[in-house]
Structures are given as structure tokens and as C-alpha cells.
Protein chains: 2
Amino acid sequence: MGSLASAKANVLIVGSGGVGTMAAYALEKSGKASVTAVLRSNFAAVHDAGFQINSLDHGEIRNWRPSQIRNSVPNVAQEKDLQPYDYVVVTTKNIADVSPTVAEIIAPAVTPGHTAITLLQNGLNIEKPIIAAFPQNPVVSGISFIGATEGPLGTIKHDDHDTLVVGPFTNPNIPAGVSEAAAKQFVNAYSCAGVDCVLEPDVRFWRWRKLLYNSSYNTVATILRMDTSRMRVSEHVIDNLIRPVMHEIRATAKAAAGVDLPEELIERMITIDTFEAFFKPSMLQDMEKGNYIEFENIAGEPLREAERAGVPTPTLKVIYELLKGLQWQTKEAKGLIRMPLKSDPSLKYGTKHPRVVT
Amino acid sequence: MGSLASAKANVLIVGSGGVGTMAAYALEKSGKASVTAVLRSNFAAVHDAGFQINSLDHGEIRNWRPSQIRNSVPNVAQEKDLQPYDYVVVTTKNIADVSPTVAEIIAPAVTPGHTAITLLQNGLNIEKPIIAAFPQNPVVSGISFIGATEGPLGTIKHDDHDTLVVGPFTNPNIPAGVSEAAAKQFVNAYSCAGVDCVLEPDVRFWRWRKLLYNSSYNTVATILRMDTSRMRVSEHVIDNLIRPVMHEIRATAKAAAGVDLPEELIERMITIDTFEAFFKPSMLQDMEKGNYIEFENIAGEPLREAERAGVPTPTLKVIYELLKGLQWQTKEAKGLIRMPLKSDPSLKYGTKHPRVVT
């Protein structure tokens with residue numbers, strides 16, 4: 001990794017929507033990192049005029065650009081004049097069941113044994129395919145509590161304080177100290193006036209803690225297309241869906257990972273959203289836009305952990321299967337699945353019986 | 001009840017969409033009933049020009065009217081020239097959780113101790129509020145397998161054969177023979193060329209049998225907004241949602257009602273819909289139109305039977321709670337529920353905590 005005493009950290013950010021842009025801004029503002037941002041839909045807008053940022057932490061910022069922008073993930077092995085990236089920071093959605101996966105997307109920019117892959121993403125076990133693909137690299141966890149969204153291309157509205165909880169994922173192939181140092185240096189590089197970037201070494205606690213909300217509110221909101229305030233007024237959605245999932249997550253955290261989530265956290269989490277915001281969790285927003293949902297890491301992985309540990313999670317199970325049915329339809333809409341117009345013998349559940357009564 | 005030897009049965013039909021109109025047609029065609037149809041949205045169209053029916057059983061029928069049409073439920077106690085109705089046939093949706101209920105709707109037309117209330121409706125325990133409201137009346141079960149829908153007002157497309165399975169509900173307040181005779185006479189009055197109206201005394205078997213489909217396909221289709229052919233191509237929706245619910249219903253039928261549904265019925269029911277029809281079950285159609293869904297009798301009642309009998313129904317439970325969340329939103333959309341714009345102390349889950357991290 002670059003020495004912080006002598007040089008700025010060389011950082012690539014993949015995914016430059018609200019969260020990614022504010023991360024780029026903090027890393028540059030600190031003076032301890034030089035950021036290359038990979039832009040997709042907003043590349044032309046930012047290339048021409050930079051970002052326009054309205055930030056509750058940093059104020060009104062016009063025509064801002066990170067040190068470099070790119071419209072694709074750089075290939076460090078092929079591009080001779082590129083320095084290795086000390087950090088590849090991923091702020092995209094994590095869609096585990098659709099190619100290209102995160103590991104596939106970032107592969108060209110990762111220098112084996114050097115780059116610290118830093119995942120500012122939701123969900124459980126997201127480090128596993130990364131470690132499988134890059135076994136000698138440290139992987140860093142970032143759990144973001146920021147509120148930041150891109151409106152028109154290149155225009156960021158940052159309206160909830162940037163608190164980022166960072167810690168090292170466990171990579172059994174390398175010394176723990178390497179991962180810990182990578183996390184610590186990242187906190188250092190991110191820290192600047194206006195943001196709270198904190199080192200919390202117990203990554204599992206924080207991942208499971210955030211799942212309390214994401215596995216319950218995020219998923220049920222998506223299935224019901226319902227904001228969290230309406231769920232709370234209905235009461236029964238909380239009592240018979242949200243709270244049961246939270247208890248299932250808490251029991252699974254304990255049994256599968258030895259993580260003790262305080263029971264009173266559940267009641268606090270139920271009323272965590274500002275009522276007047278009629279908040280639509282991110283997965284619901286994704287579905288309303290016709291985008292893929294990151295249900296595998298938010299519902300599927302905790303469910304599989306529960307099944308391995310023998311924890312009953314009947315509510316999460318059905319919710320997971322329903323989300324998978326929603327994702328199937330998005331895959332069809334995006335052309336990944338082609339729906340046959342007629343039954344044919346290759347179909348497991350093709351036409352077997354005429355419509356008869358007895 | 002009217003003697004069939006001497007006079008036509010005096011029948012009131014409440015709910016004159018596809019199913020109700022074809023029932024009216026069969027009852028009049030048999031020559032054994034005189035039908036009064038209560039029309040709502042289509043009253044003016046039918047008053048002026050009658051029904052236009054395109055029927056696979058009866059052919060092309062123009063300008064057809066039952067013996068009488070009304071635009072409200074008649075009040076037999078107040079209207080002096082009305083004969084008591086031998087049958088009040090209900091073909092509306094059964095929305096148990098929204099007033100007016102079926103019992104409230106038909107009350108003015110029911111003559112205590114005389115009228116046989118005949119429910120051509122889906123779901124379980126639909127007779128219970130009827131018997132509670134009219135304890136001395138026979139109640140008749142009709143399970144319809146017809147395909148008939150109203151397009152433009154007064155225009156009926158009847159495209160799947162009219163098979164109607166009829167039997168007596170158990171009313172413990174009156175002799176069984178009275179209920180049985182009412183069911184038998186109804187079959188007689190309905191039977192005519194082109195229809196199959198069969199007396200099946202075991203009402204519970206047929207109700208539970210139809211629930212195999214309705215509690216699984218109808219409910220999951222509504223939540224996922226997905227036709228049954230797509231579910232079958234996805235495979236996992238069948239394997240992890242539809243089939244589990246069917247097994248839960250089968251176990252509940254056995255434990256709660258002593259009804260033996262053959263296990264092989266489950267696999268046959270899974271492929272019962274014509275694949276090429278991309279069939280959207282009725283509850284999904286209702287939801288797409290913004291109408292209330294009859295989820296209490298299709299999911300709620302079997303769930304409550306299972307809970308009473310101690311049968312685990314984890315899949316049905318979550319599905320029921322989700323449907324209740326969808327119905328809540330329809331109630332809000334129709335003005336039955338008013339969403340508060342701000343939190344207030346009367347809310348069980350109003351604002352308790354500011355959005356904080358720790």
C-alpha cells in the first residue's frame with residue numbers, strides 16, 4: 001500500500017452514484033488520497049462540467065471532479081503508465097445472482113497481493129467471492145449510513161450525514177494485521193471535516209446489525225411496495241412480518257456467527273426511520289426503477305446461515321423466495337430469461353393435464 | 001321453497017358479472033326458475049339492450065334479459081307485492097374484511113326460515129357469518145369452474161365450460177334434510193342443456209380441494225403479480241412456494257376437517273392451467289384493477305383452521321400477512337384508511353428515536 005507519510009493513497013472508486021461520489025469527495029478532501037472514479041451513465045456530464053453537489057456536510061459544491069475520471073474499469077496489467085491501486089472501493093449495488101459480479105467487474109483493476117478491496121455495500125458474506133477471486137488481497141468492510149442520491153446526471157443531493165463504519169473482513173489467507181492495517185489506513189484517508197469515518201474492528205457485529213433493518217424493512221417494503229411509515233401505521237405489518245424477521249436475524253447472528261445483537265435494538269430499529277419521510281428503502285427504489293435487487297446478500301445469505309446453524313427462519317424463508325420470484329421477472333424484462341410462448345417437453349412444469357374438474 | 005312440480009323457483013341473483021349472468025341464463029333456460037338479477041354498474045346497459053353473451057356452451061345470445069332486473073337488493077318485508085325468494089344466489093366477491101359484508105348485502109332479500117342462500121363463491125367458512133345472521137335458513141355451496149367475464153358493460157364472454165359443484169353447507173340449527181333438499185332442488189333448477197351442475201354432498205371436500213389452488217396460486221400470483229405459466233417456467237416459485245402451500249393446505253384439511261385430499265392431486269393441480277393462457281388468477285386480476293381481494297376466506301380461514309388444529313403452515317402464514325398488507329393499501333386508496341402526515345402520540349409505532357447509528 002502507498003505510504004501515507006510520503007504519498008497519497010491511489011484509490012479507484014467503482015460506482016459513482018450518491019454514495020460513491022461522496023466517498024470520492026471525502027477521500028480527496030482529506031488530502032490523503034488521489035481518486036480515480038469509474039463513471040458510467042454520468043461520464044459525459046461529469047467530464048464536461050464536473051459534479052454539482054448539494055451536501056449537508058460539505059455545503060454547495062460546483063463543477064467538482066476527482067483527480068481522474070474513467071468510463072471503464074482500468075486494466076492495470078495492460079496499461080503501462082498506471083500505478084497499482086492501493087484501494088479499489090466498490091459502491092455499486094451487489095447483485096450476486098447476475099453477471100458480471102463484483103469480482104468480475106473489478107478484476108482488471110486489482111493488483112494481486114496489493115490492492116485493498118473495500119466494499120461499501122450492504123449484505124452478508126459479500127467478501128467471500130472477493131476472497132475466492134483475490135485470495136492474497138485484504139478486503140475491507142464499509143457500512144455506510146449516508147443519505148446521498150444522484151438526481152440529474154452528475155447532480156448529487158447529500159441529505160443525511162456521512163457516517164461510515166469501517167473494519168477488516170477476515171481473509172484467512174493473509175495475516176490479520178495486513179487486513180487490519182488496510183482498514184485503519186482507509187479510515188485515515190477518508191477522515192476529513194464533516195464526516196464520521198470510524199474504525200470498528202468487529203465487522204460481523206456491524207454487518208448483522210444492519211441486516212436487522214435490511215432483511216426486514218428493505219425486503220418487505222419491496223414485496224409490498226410500501227413505505228416504512230405506512231407499515232408502522234398498519235401495525236400488523238410490523239407485528240407479523242418486520243419484527244418476526246428481526247428476531248430470526250438476531251437468533252441467526254447468535255447461532256451462526258456468535259454475534260450478540262441486543263434484544264432492545266429490535267424495538268429501536270422498528271421506529272428508526274423519520275416517520276414524516278415515508279421512507280422507501282433502497283431495494284424498493286431499485287425495483288420501482290426496474291433494476292435488479294440485491295436480495296441474495298440481504299435475504300439469501302442470512303437464510304443460508306440460518307439453515308446451516310439450524311435456526312428456524314420461516315418468515316425470512318418465504319420472503320426470500322418471493323424476492324427471487326420478483327428478480328426472475330426483472331431478469332425476463334431485461335432479456336436474461338426468455339419466456340416460452342408454448343409449452344414444450346423440456347419444461348419441468350409444462351402442460352401435463354387438460355383443465356378438468358375431477 | 002316453491003314446489004318444483006307446480007311453480008318455478010323464485011331466484012334472486014346478487015352479483016351479475018360473468019359468473020352471475022351465466023347462472024341467471026342457466027336457471028332461466030332450464031325453465032324451472034324465474035330470475036331477478038340485481039345489477040349495479042351494468043344496470044342501464046342491460047335495462048336498455050339486455051345482455052350480449054358469447055358462450056361456448058350456449059352460443060351467441062343477443063339482447064337477453066332475465067325475468068326481472070333491479071338496481072338494488074329488494075326488501076321483501078317492505079315491498080308488499082314481492083314473493084319470498086326461494087333462493088338468493090350470491091356471485092359477488094366475498095370480501096370478509098370490508099363492509100358491507102355478504103350477510104349485510106343480502107339481508108333485505110332473505111325471508112327467515114325460507115330462503116336458501118346459495119353462495120357461488122370461493123373460500124373457506126364463508127357460510128359461517130351467513131348462518132350466524134340467518135340461523136334458520138339453509139345455506140348452499142356452489143363451486144364454479146366456469147370461465148366467464150364481463151367486458152364492456154352487459155357484454156359477457158363465456159369461454160370455459162360451466163361446471164358447477166353444489167352441496168349443502170351444514171347448518172346445525174335446522175334438520176340436515178332441509179339443507180340437502182335445497183341443494184338438490186338448486187341442481188335441478190340449474191340443470192339444462194350445455195351445463196354440468198352436479199350434486200356433491202361432501203361440501204368440505206370440494207371446498208378444501210379448490211383451496212389447494214386458490215390458497216397457493218391465487219395468493220402467490222397476487223403478491224408477485226405473476227401469471228401461473230411464468231411461475232412454472234421459474235420452477236423455484238413452484239418448488240418453494242406453490243407446492244409447500246399445497247402441502248400445508250392438504251395437511252390442514254386432514255387435521256382440521258378430516259378431509260382426505262389425495263397427494264397426487266397436488267402434482268396435477270400444479271399443471272392444471274393451460275400453459276399457453278399465461279393465466280392470471282382472479283385475485284391478481286382484482287388487485288390489478290385496484291379492487292379489494294378476498295384473501296380472508298382464501299388464506300386467512302385455512303390459516304386459522306391450521307392454527308386451531310396445530311398444523312404448521314409457515315408458508316401460508318407469511319403469504320396471508322403480506323396479502324393483508326396489500327389489502328391495507330387498497331383500503332387507504334379507497335379512503336377507508338387515512339394515512340397521517342405526521343407522527344403523533346396515538347401511533348403505536350410513531351417517531352420514537354431520531355435516526356442515529358449507535
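In what follows, chains are A, B, ... by sequence order, proteins preceding strands, each numbered from 1.
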(Q) Quick check on Leu224(B) against chain A: is it the side chain, the backbone, both or neither that has a heavy atom closer than 4.5 Å? (A) both
Q. Is it the side chain or the backbone of Leu241(B) that comes within 4.5 Å of chain A heavy atoms, both, or neither?
A. side chain
Q: Identify the two heavy atoms, one from Phe278(A) and one from Leu341(B), that lie closest to each other, and give their separation to 0.1 Å.
A: CZ-O, 3.6 Å
Q: Any chance you could measure Leu347(B), atom CG, to Phe275(A), atom CZ, to the nearest 0.5 Å?
A: 5.0 Å
Q.
Just so I know, are the side chains of Ser229(A) and Met339(B) near enough to count as touching, which here means a heavy-atom distance under 4.5 Å?
A. yes
Q. When only pairs under 4.5 Å are counted, which of Glu276(B), Glu235(B), Arg230(B) shares the most heavy-atom pairs with chain A?
A. Arg230(B)
Q) Are there residues of residues 325-333 of chain A that reach to under 4.5 Å of chain B by heavy atoms, and which ones? A) Gly325(A), Leu326(A), Trp328(A), Gln329(A), Glu332(A)
**Q.** Max heavy-atom pair count under 4.5 Å with chain B, selected residue of His161(A), Met231(A), Arg243(A)
**A.** Arg243(A)
(Q) Between Pro340(A) and chain B, with a heavy-atom cut-off of 4.5 Å, which part of the residue counts as in contact: side chain, backbone, both or neither? (A) both
Q | Steps toward side chain to side chain contact (heavy atoms under 4.5 Å, CB included) verdict (Lys317(A), Val318(B)) | A | CA-CA 9 Å; Lys317(A) 165 76 175 157; Val318(B) 177; over 6 Å; no
Q: Drop me the distance from Lys324(B)'s NZ to Ser234(A)'s OG, to the nearest 0.5 angstrom.
A: 8.5 Å
Q. For the side chain of Glu321(B) and the backbone of Val237(A), is there at least one donor-acceptor N/O pair under 3.5 Å apart?
A. no
Q: List the steps, then state whether side chain to side chain contact (heavy atoms under 4.5 Å, CB included) holds for Thr271(B) with Thr351(A).
A: CA-CA 6 Å; Thr271(B) 54; Thr351(A) 297; over 6 Å; no
Q: Would you mind telling me which of Ile143(A), Asp196(A), Val233(A) has the largest number of heavy-atom pairs within less than 4.5 Å of chain B?
A: Val233(A)
Q) Is there side-chain contact between Tyr349(A) and Asp239(B), with heavy atoms separated by less than 4.5 Å? A) yes
Q) Which distance, rounded to the nearest 0.5 Å, do you find between the CD1 of Ile319(A) and the CD1 of Ile223(B)? A) 10.0 Å
Q) Does the side chain of Lys348(B) come within less than 4.5 Å of Ile270(A)'s, by heavy atoms? A) no
